[in-house]
Amino acid sequence: MSSDYTKTVQCQERIRDPLEMFHSGHLVKICAPMVRYSKLAFRTLVRKYNCDLCYTPMIVAADFVRSIKARDSEFTTNKGDCPLIVQFAANDAQLLSDAARIVYPYANGIDINCGCPQRWAITEGYGACLINKPELVRDMVKQVKSQVENPKFSVSIKIRIHDDLTRTVDLCRKAEATGVSWITVHGRNIEERHQPVHYDAIKIIKENVSVPIIANGDIKSLKEAENVQEITGTNGIMVARGLLANPAMFAGYKETPLKCIWDWVDIALEHGTPFMCFHHHLMYMMERITSKQEKKVFNALSSTTAVLDYLTDHYSM
C-alpha cells in the first residue's frame, strides 16, 4: 500500500455503517469497481459530483495477501476517500478473510466479485462462476463476518443472473441467510455483453430478499438511474461506463462539463496518475463533446505536456 495509504486517518464516514445509506429512502449513487479505472484519483473526482459510495477496482485476494508489492500497487486511499468498498476476487474463504483484515482499518467493507465474465477470471475460479457455487459464496461471507469483529464492516457480493432466475433468487437467499450486507445485481447472464439489461429480473430478486439490492447495467444518466430505481425498487444504482463517459453524471449533467475535465486534470496531477490512465480517462470524458477530427488529434497525443497544451488551447475555461 502506497504512501497515501499509510498516512490514512479514519474519517467519520468510515466509522458509520454504510447500510445506513441504503435505508435512508434516497437514491444511493455508486461508482462501480472498474479494473484500471476506479482508482483513488477517479474516486476523488466522482465524489465531487454527488457520488455517494465508491468501489476499488477488483483485487485478487490471494496476491494481495501474499505480496507486499501487490498491496502497494493495488490499494491506495486517503482520509477523504470514504465511504469505500474494496472489491476482491476470491475462491478461498481464509484468504479472503485475511485480505479483509488487511483493509479493514481503511475501508467500510469488502465486496466479493461474483460477476466478472472474463475467461481468465472464470478459469481461476473467480468472478461469475461463483454464482454456480452458492455454498462457497456462503462460506466466504461467513468467514469474513466472523473474523472481522466490527459488525458495521460490510460484506457484500456483486453477481450476474442465471438463465433460470430461480437459481439466482436461491443464491441471494442463501447469501442473505449467511449475513451478506447487500447484493449488487448486474442484470445480464454470463454470456451477455451488450444485450439489453434484464431490469425485470433485478425487480424479482429485490422482491424475494430483505437485504438491500443495488441495480447495475447500462445506466448513462441521472434520469436513467432514477428510472431504473423506480422500475426495480432497488436501494441504489451502480454505474461503470456511464461515469467514465461523464464523471459528473450523478450531479445531473448530461455530458461532461469543462469544470469536471479540469478538475480531473488537477486531481490526476496531484495524485501522480500515470499518463496512460490520465489520457484514457480524458478520452472517455470528451467522447461526446469532440468531433471525429478532434478525437483523432487528441487520442494521438503522447505526453502530459501535450495534453495540457491541447486542453488549454481548445477547452480553457
Side-chain angles (χ1 to χ4, degrees), residues 1-2 4-5 8-22 24 26-59 64 74-89 99-100 103-113 115-116 152-158 181-184 186 212 214-217 219-220 222 225 234-251 253 256 260 263-264 267-268 270-271 273 277 280-281 284-285:
M1 288 151 288
S2 75
D4 274 349
Y5 175 98
T8 295
V9 177
Q10 281 194 347
C11 69
Q12 289 304 113
E13 291 292 328
R14 243 191 270 285
I15 297 169
R16 281 180 47 210
D17 183 347
L19 277 171
E20 291 176 10
M21 293 186 296
F22 297 123
S24 68
H26 301 296
L27 173 66
V28 181
K29 302 177 287 293
I30 305 166
C31 176
M34 292 178 277
V35 174
R36 294 185 300 277
Y37 292 117
S38 62
K39 295 194 172 185
L40 176 59
F42 188 70
R43 299 194 301 265
T44 302
L45 178 67
V46 295
R47 290 185 196 279
K48 287 175 67 74
Y49 291 91
N50 294 0
C51 185
D52 299 312
L53 178 64
C54 291
Y55 280 53
T56 68
M58 180 182 74
I59 300 169
F64 191 78
E74 295 296 328
F75 181 57
T76 304
T77 186
N78 61 27
K79 64 182 180 180
D81 186 29
C82 52
L84 177 68
I85 303 300
V86 181
Q87 191 188 67
F88 285 111
V103 301
Y104 160 67
Y106 310 98
N108 292 82
I110 64 111
D111 183 81
I112 306 168
N113 186 315
C116 178
K152 292 184 178 182
F153 189 78
S154 65
V155 183
S156 56
I157 61 175
K158 184 173 186 289
S181 303
W182 66 80
I183 300 168
T184 301
H186 182 99
I214 314 306
N216 172 233
I219 297 161
K220 297 183 176 66
L222 180 59
T234 48
N235 304 84
I237 299 294
M238 178 182 283
V239 178
R241 286 177 293 185
L243 277 177
L244 283 180
N246 179 8
M249 180 189 119
F250 285 145
Y253 291 93
T256 310
C260 183
D263 281 342
W264 169 245
I267 291 167
E270 180 184 346
H271 284 83
T273 303
C277 181
H280 280 188
H281 272 294
Y284 279 115
M285 291 180 208

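If you read the sequence from its start, that first residue is 1, and numbering goes on from there.
Annotation: the span from Phe42 atom CZ to Met285 atom CE amounts to 6.0 Å, rounded to 0.5 Å. Atom CD of Glu74 is separated from atom CE of Met58 by 9.5 Å, given to the nearest 0.5 angstrom. In this structure, CG in Asp52 is found 6.5 Å from CE in Met21, a value given to the nearest 0.5 Å. Separation of atoms CD1 (Ile267) and OG1 (Thr273) is listed at 9.0 Å; rounding is to 0.5 Å. Atoms CD1 and CG, on Ile157 and Asn113 in that order, are 10.5 Å from each other to the nearest 0.5 Å. Distance check: Leu45 CG to Cys31 SG gives 9.5 Å after rounding to the nearest 0.5 Å.
For the pair Asn216 (side chain) and Met238 (backbone), a donor-acceptor distance under 3.5 Å is present. Looking only at distances, no side-chain donor or acceptor of Thr234 sits under 3.5 Å from a matching main-chain atom of Ile214. Side-chain atoms of Ser154 do not come within 3.5 Å of backbone N or O of Ser156 as any donor-acceptor pair. A donor-acceptor pair under 3.5 Å is absent between the side-chain atoms of His281 and the main chain of Cys277, judged by distance alone. Between the Thr56 side chain and the Val86 main chain, no donor and acceptor come within less than 3.5 Å of each other. In this structure a side-chain-to-backbone donor-acceptor pair under 3.5 Å is missing from Arg43 to Cys54. Side-chain N or O atoms of Asn235 include none that pairs as donor or acceptor with a backbone N or O of Val28 at under 3.5 Å. One N or O on the side chain of Ser181 and one on the backbone of Val155 form a donor-acceptor pair closer than 3.5 Å. At least one donor-acceptor pair closer than 3.5 Å links the side chain of Thr256 to the backbone N or O of Ala245. Remark: side-chain polar atoms of Thr76 are not paired, donor with acceptor, to backbone N or O of Leu40 under 3.5 angstrom.
Inspection of the Asn50 and Lys29 side chains reveals no N or O donor paired with an N or O acceptor under 3.5 Å. In this model, a donor atom of one side chain and an acceptor atom of the other lie less than 3.5 Å apart for Tyr49 and Asp263.
Between Tyr104 and Ile110, every side-chain heavy-atom pair lies at or beyond the 4.5 Å cut-off. A heavy-atom distance below 4.5 Å is not found between the side chains of Ile112 and Phe88. Between Pro57 and Lys39, some side-chain heavy-atom pair lies under the 4.5 Å cut-off. Within the 4.5 Å cutoff, side-chain heavy atoms of Lys158 are placed close to those of Pro33.
Here the closest heavy-atom approach between residue Ser38 and residue Ala32 is recorded as CB-O, 3.5 Å. In terms of heavy atoms, Leu84 sits closest to Tyr106 at CD2-O, 4.0 Å. Contact detail for Met34 and Arg241: the closest heavy-atom pair is SD-N, 4.5 Å. When all heavy atoms of Cys82 and Asn108 are compared, the pair lying nearest together is CB-OD1, 4.3 Å.
A salt bridge links Arg47 with Asp81: at least one charged nitrogen is closer than 4.0 Å to a carboxylate oxygen.
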Worked check of side chain to side chain contact (heavy atoms under 4.5 Å, CB included) between Leu243 and Phe250: CA-CA 8 Å; Leu243 277 177; Phe250 285 145; 3.7 Å; yes
CA sep, side-chain torsions, deciding dist, call: Glu270, Thr44, side chain to side chain contact (heavy atoms under 4.5 Å, CB included): CA-CA 11 Å; Glu270 180 184 346; Thr44 302; over 6 Å; no
Trace of the side chain to side chain contact (heavy atoms under 4.5 Å, CB included) decision for Val239 with Ile30: CA-CA 6 Å; Val239 178; Ile30 305 166; over 6 Å; no
